[in-house]
2 protein chains.
Amino acid sequence: MARPRAFDDDKALDAAMECFWRRGLEATSVRDLTMEMGINGPSLYNAYGDKRALFARVLARYAERWMRERIERMERDSSGKSAIRTFLHELIERSIKDEHRRGCLIVNSALEISPHDNELREVIASYLCEIEMFFLRCLKRGQESGEIGSHIDPRDAARHFLGLVLGIRVAARSRPERALLEGMVRPALAQLDFPLH
Amino acid sequence: MARPRAFDDDKALDAAMECFWRRGLEATSVRDLTMEMGINGPSLYNAYGDKRALFARVLARYAERWMRERIERMERDSSGKSAIRTFLHELIERSIKDEHRRGCLIVNSALEISPHDNELREVIASYLCEIEMFFLRCLKRGQESGEIGSHIDPRDAARHFLGLVLGIRVAARSRPERALLEGMVRPALAQLDFPLH
DNA sequence: TGGATACTGTAACGGTCGTAACAAAATCGT
DNA sequence: ACGATTTTGTTACGACCGTTACAGTATCCA
């Protein structure tokens, strides 16, 4: 049929992910990408379309690997309450140990993407929904098992935890201090332990 | 001595603020700025230095007008608890009515600024501290007056509210839905009303 | 009135941006 | 072995980037 590809798709996309993750969409040039991915401009355009299409592809890859992986891993936890706790503490741990201050590609993109780019905005909105739904499932599970009081509205609480996830990621960019991030979540987690009223 | 300035400093800085607020630091070109500010390139460089210096100036102006103004206005409230409530609800209202999806310049910048730009990063960190300290003062005031239970750790709660402020601003960028944003804060505000344990 | 001084406008600098034309090279089915 | 097909490397496009030289202009103090 035709000449086969000389580069590894997975490696190239991982390299592109690293670029966009560190510098964002605008600040990453196509030259940065080609150098880091080890391919030439025309190969990039032939394989992935333009820069924005590559970004969208990388964003989906990121969500799959770093968001859904974590959600699925947490949901293997038998306790909904401990799943929430572990999720948040792992998030804090990652945020603090994040040497290159990359943060989270989804959160970074939520702010960087132009408000007029409806396609990417909706993609990002759907990722936020997935996080919200994860918390909602955990909360309902915890209430069914009795470990979380029924006085808590799981819909509101899920949104509340989503807000904290986003807040942690933003705060960690300029103030990656453990005391700050742990203080942020402690009241929310404590509320799950309150006795029924 | 010399020829006086032909443009209004305040108007020019407001125009620059609007540019950076809508598009961010990178995506705003010097040509965008000169056109919107109504001045020429050399005048811009003569008056404000380079683009980054102008951005820093605009950021300080933004903090003064949109962050400190609100904090000071809220602190005129005799009740610490109601100051917190009003602050958050006003934030939500602004986020929903934000036609151009500008969000908050400070939060936007917290994510956009390069992690290696220590000067701007520290400026932004100091703004986050100011917000945290505002909440801390409100909480302490509320506890002294007895309207907030003493079982609440004001340091943690202040960080918690800061996290929510940041989370609201991020979420509103892609999901400016009232139900979402109000759900985010409701559990945190409800906690202030809990009876002592 | 005449410098001294600061601002304005025009024009352009070198550099980088995202993207594409084009030909050479490598693989396939036949 | 050949023609069809796809990827690769070279090169360069026009546009825009942040920034500045320079000459012209307006204002103040003397």
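Lettering of chains follows the sequences in order, A, B, ..., and the numbering in each one begins at 1. No experiment lies behind these values; they were computed from the predicted model shown.
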*Separation of B:F7 atom CZ from C:dG9 atom P, in whole Å?*
10 Å
*Using atom CG of B:N46 as one end and atom C1' of C:dT8 as the other, report the distance to the nearest whole Å.*
9 Å
*When the nearest nucleotide of DNA chain D is assigned to A:R31 and to A:A6 on a heavy-atom basis, which residue is associated with the more 5' position?*
A:A6
*State plainly whether the residues B:R73 and B:E69 are in salt-bridge range, i.e. N to O under 4.0 Å.*
yes
_Between C1' of D:dG18 and CZ of B:F55, the distance in whole Å_ = 16 Å
*For the residue pair B:Y48 and B:F7, does the interplanar ring angle fall in the parallel (under 30°), tilted (30 to 60°) or perpendicular (over 60°) class?*
tilted
*In whole angstroms, how far is the C1' atom of D:dT6 from the CZ atom of A:R5?*
9 Å
*Stretch residues 36-43 of chain A: residues that reach within less than 4.0 Å of DNA chain C through a heavy atom*: A:P42
*Do A:H100 and B:H116 have ring centres separated by under 6.0 Å?*
no
*Out of C:dT27, D:dT19, C:dC17, which has the shortest distance to the side chain of A:P4?*
C:dT27
*Is a side-chain donor or acceptor of B:N108 paired with a backbone partner of B:G103 at a separation under 3.5 angstrom?*
no
*At under 4.0 Å, does any side-chain N or O of B:S29 touch on OP1 or OP2 of D:dC16?*
no
_Close side-chain approach of A:L54 and A:M37, heavy atoms under 4.5 Å_ = yes
*Which is true for B:T28 with a 4.0 Å heavy-atom rule: it touches a base, it touches only sugar-phosphate, or it touches nothing?*
sugar-phosphate
*On the 0 to 90° scale, with breaks at 30° and 60°, tag the B:F55-B:F20 ring pair as parallel, tilted or perpendicular.*
perpendicular
*Nearest-Å distance for atom pair CE/P, residues B:M35 and D:dC17*: 11 Å
*asked:* Reading DNA chain C from 5' onward, which residue's closest nucleotide shows up sooner: A:A2 or A:V30?
replied: A:V30
*Going by heavy atoms in the side chains, are B:K81 and B:L139 under 4.5 Å from each other?*
no
*Mark yes or no for whether A:D32, through its side chain, and A:S29, through its backbone, hold a donor-acceptor pair below 3.5 Å.*
yes
*Using atom OH of B:Y45 as one end and atom C1' of C:dT8 as the other, report the distance to the nearest whole Å.*
16 Å
_Applying ring pair (Phe, Tyr, Trp, His ring centres under 6.0 Å), can you list everything that pairs with B:F135, at least two apart in sequence or on another chain?_
B:F87, B:F161
*Whole-Å distance between C:dG29 C1' and A:R3 CZ?*
18 Å
*Specify the angle, to 10°, made by the local axes at the two ends of the helix from C:dT1-D:dA30 to C:dT30-D:dA1 when five pairs are taken at each end.*
10°
*Whole angstrom is fine here: how far is it from CG in B:D8 over to P in C:dT8?*
12 Å
